[in-house]
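Have a look at the structure below before the remarks.
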Amino acid sequence: MKKIWVLTVLILTSLIFAACSSDSANSDDGSDSEDSSEGEGTTVEIFSWWTGAGEEDGLLALIDLFKEKHPDIDVENAAVAGGAGTNAKAVLASRMQGDDPPSTFQVHGGAELNDSWVAADKMQPLDDFYEENDLMDKFPQDLIDLVSDEGNIYSIPVNIHRGNVIFYNKKVFEENNIEVPTTFDEFLAASEELEAAGVTPLALGDKNSWPATQILENILLAKLGPDDYKGLFTGDVAFDDSRVVESVELFGEMLNYINDDHASRVWQDAAQLVAEGDAAMTVMGDWAKGYFSNDLNLTVNEDFGYITTPETEGLFMVITDTFGLPKGIENEEETKEFLKVLASVEGQDTFNPLKGSIPARVDADESKYDEYGKDTMDDFQNAEALAPSIAHGSAAPEGFLTKMNQAVNIFVTQQDVDQLVNALVNASSEF
Ligand code: GAL
């Protein structure tokens with residue numbers, strides 16, 4: 001009896017072993033590849049959600065630059081499609097929980113980095129890396145704060161995106177003789193006129209709900225001001241504050257002017273409505289600028305214009321994409337080489353002009369950026385206040401954002417102000 005049991009265990013063990021080793025020798029297409037297992041030690045796997053239109057150009061250019069400098073290191077671009085990490089974040093979570101981290105991954109500075117991965121003890125501190133590569137004074141302190149926890153630095157910002165921007169079709173405004181709005185009253189009045197002229201005033205693509213959440217966070221920033229907006233996430237300002245209620249009401253009014261097919265579009269499809277003149281405006285982060293310029297070949301300030309979202313002039317909604325070093329990866333030295341390129345002036349000036357973002361480094365070469373980039377750098381440096389984005393992971397933990405996205409998604413169709421406010425109050429128990 002004992003012999004049979006031992007034999008069974010041996011057979012099972014060898015089966016499991018065989019399964020594991022054939023897994024590691026399998027390439028992506030499922031074919032056996034000895035090369036990929038041999039090359040494992042020299043492959044850097046870069047995980048992000050930068051695929052497709054307006055998203056991947058910067059990343060591919062950065063990878064090319066890295067390959068030029070390190071022809072001996074292979075790169076695996078492990079991007080998972082879906083704006084704002086809609087799908088990538090779930091894939092990342094299951095890999096991290098299964099102790100199978102990518103070599104490095106895209107993560108927003110702030111709550112997304114600190115509450116998810118640093119708190120779970122999954123990241124290596126990078127203080128020595130910063131010192132060794134002379135990076136300590138190369139990033140604005142606000143960004144360093146966003147990527148630090150209890151005195152240690154955990155990732156490297158590759159960029160700064162701005163989240164409070166309206167991109168608009170210049171010709172549509174000119175031909176209809178309408179001023180681009182700077183206040184909410186002006187926005188609503190202009191929308192009435194645009195609608196009367198047969199143009200959709202506001203393009204929205206909320207197939208994934210975050211673009212709608214991004215509109216609401218902009219209204220909250222405008223109505224609460226930067227300090228009280230931040231107070232929402234420290235518990236100093238309640239989510240049923242009258243200004244939050246007012247913001248949600250206003251959000252509902254703005255939604256009266258969106259395209260009918262918003263729920264079947266992603267952000268690029270919404271931006272396309274603006275590009276083609278079927279819609280006048282879209283509220284989006286400045287990855288939309290990358291999309292307009294690189295994918296649609298439009299010229300900034302000719303074909304499309306940009307303005308801060310109403311009543312947020314002087315304020316800068318910060319979104320920063322960063323990359324860190326997970327614990328337990330096999331190819332740490334090679335990954336650090338990639339992080340060095342990403343942190344360098346050359347790396348940032350290769351990536352950001354294509355991405356629509358501005359460099360996170362303070363000493364980047366401004367001449368590499370177009371009018372939009374120069375303007376945004378100027379606005380960032382002179383901003384009255386910076387504010388962390390909710391929709392893009394910096395302001396609040398992932399649990400809150402998931403609930404907010406769900407509640408906003410319901411609001412877009414039902415427009416029940418109390419329901420959304422209550423959902424936000426309940427979700428704030430995640431802090
Ligand atoms: C943000 C990210 C940007 C851009 C955008 C749309 O969360 O920070 O870099 O990719 O999503 O996907």
Side-chain angles (χ1 to χ4, degrees), residues 83 163-223 245-286 288-289 291-292 296 298-313 317 391 407-417 419-420:
N164 57 323
V165 191
I166 288 185
F167 289 95
Y168 61 91
N169 184 306
K170 279 195 88 105
K171 286 190 195 92
V172 164
F173 276 91
E174 278 158 19
E175 280 166 10
N176 292 293
N177 206 12
I178 300 172
E179 290 287 311
V180 181
T182 60
T183 65
F184 288 104
D185 285 347
E186 285 173 15
F187 178 91
L188 297 174
S191 295
E192 275 298 304
E193 287 183 66
L194 287 160
E195 205 166 57
V199 182
T200 299
L202 181 63
L204 175 67
D206 68 338
K207 185 172 180 186
N208 306 312
S209 47
W210 62 268
T213 301
Q214 193 167 340
I215 299 178
L216 178 57
E217 78 178 5
N218 274 302
I219 307 175
L220 289 170
L221 177 62
K223 292 297 168 196
V245 178
E246 187 197 340
S247 300
V248 174
E249 283 165 357
L250 192 49
F251 180 37
E253 284 184 66
M254 289 174 74
L255 291 174
N256 292 333
Y257 298 104
I258 60 176
N259 44 303
D260 292 339
D261 60 355
H262 59 94
S264 61
R265 288 179 183 262
V266 295
W267 70 265
Q268 286 99 330
D269 310 325
Q272 204 170 14
L273 288 176
V274 174
E276 286 165 3
D278 294 328
M281 303 175 270
T282 191
V283 173
M284 196 34 61
D286 46 19
K289 136 80 186 115
Y291 176 63
F292 285 137
L296 304 183
L298 303 183
T299 308
V300 65
N301 282 336
E302 265 179 43
D303 302 312
F304 69 96
Y306 53 92
I307 190 165
T308 51
T309 50
E311 299 170 30
T312 65
E313 214 202 322
M317 187 73 86
V408 164
N409 192 246
I410 295 169
F411 181 81
V412 174
T413 45
Q414 300 189 355
Q415 302 226 6
D416 182 335
V417 173
Q419 195 182 38
L420 177 50

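For this chain, numbers begin at 1 and follow the sequence in order. These numbers come from the heavy atoms of this one structure, side chains and all, not from hydrogens, waters or symmetry mates.
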Could you tabulate the donor-acceptor pairs under 3.5 Å formed by side-chain atoms of residues 164-171, not counting sequence neighbours?
unit_1, atom_1, unit_2, atom_2, d
N164, OD1, R162, NE, 3.0
N164, OD1, M317, N, 3.1
N164, ND2, T312, OG1, 3.0
N164, ND2, L315, O, 2.9
N169, OD1, K171, N, 3.0
N169, OD1, V172, N, 3.0
N169, ND2, V274, O, 2.7

If you round to the nearest 0.5 Å, how far is [atom2] of [Y] from [atom1] of [X]?
| X | Y | atom1 | atom2 | answer |
| --- | --- | --- | --- | --- |
| T183 | E186 | OG1 | CD | 3.5 Å |
| N256 | E195 | CG | CD | 8.5 Å |
| S209 | L204 | OG | CG | 10.0 Å |
| D416 | I410 | CG | CD1 | 10.0 Å |

Partner residues of [X] under the side chain to side chain contact (heavy atoms under 4.5 Å, CB included) criterion, sequence neighbours left out:
| X | result |
| --- | --- |
| A275 | F292, L296, L298 |
| E249 | V245, V417 |
| T413 | none |
| E193 | I178 |

Partner residues of Y257 under the ring pair (Phe, Tyr, Trp, His ring centres under 6.0 Å) criterion, sequence neighbours left out: none
Is it true that atom CD of E179 has more than 12 heavy atoms of other residues, nucleotides or ligands lying nearer than 6.0 Å? no
Give a yes or no on this: more than 12 heavy atoms of other residues, nucleotides or ligands lie within 6.0 Å of atom CD of E276. yes
Using modelled atom types only, decide if a donor and an acceptor are shared between the side chain of Q419 and the backbone of F411 within a distance under 3.5 Å. no
Does W267 use its side chain to pair, donor to acceptor, with the backbone of M284 at less than 3.5 Å? no
May I have the step-by-step check of side-chain contact (heavy atoms from CB on, under 4.5 Å) for L273 and T282, ending in yes or no? CA-CA 9 Å; L273 288 176; T282 191; over 6 Å; no
Here the salt bridge (charged side-chain N to carboxylate O under 4.0 Å, His left out) pairs for residues 252-270, sequence neighbours left out, are D261-R265
Here the salt bridge (charged side-chain N to carboxylate O under 4.0 Å, His left out) pairs for residues 199-221, sequence neighbours left out, are none
Side-chain contact test, heavy atoms from C-beta onward, threshold under 4.5 Å: evaluate it for L202 versus L255 and give yes or no. no
Minimal non-hydrogen separation, [X] against [Y], with atom names:
| X | Y | answer |
| --- | --- | --- |
| A203 | A279 | CB-CB, 3.7 Å |
| A280 | V199 | N-CG1, 3.8 Å |
| W210 | G83 | NE1-O, 3.1 Å |
| A222 | F184 | CB-CE1, 3.7 Å |
| G163 | Q214 | O-NE2, 3.1 Å |
| L420 | A407 | CD1-CB, 3.5 Å |

Check the pair V283 / N218 against side-chain contact (heavy atoms from CB on, under 4.5 Å), numbers first and verdict last. CA-CA 9 Å; V283 173; N218 274 302; 3.8 Å; yes
Could I get the full list of salt bridge (charged side-chain N to carboxylate O under 4.0 Å, His left out) partners for E246, not counting sequence neighbours? K223
Could you please spell out the steps behind the side-chain contact (heavy atoms from CB on, under 4.5 Å) verdict for F187 and T309? CA-CA 9 Å; F187 178 91; T309 50; over 6 Å; no
Name all residues meeting the side chain to side chain donor-acceptor pair (under 3.5 Å) criterion together with T299; count only those two or more places apart in sequence or in a different chain, and write none if there are none. none
As a quick check of understanding, evaluate side-chain contact (heavy atoms from CB on, under 4.5 Å) for S191 and M254, giving each step before the final call. CA-CA 9 Å; S191 295; M254 289 174 74; over 6 Å; no
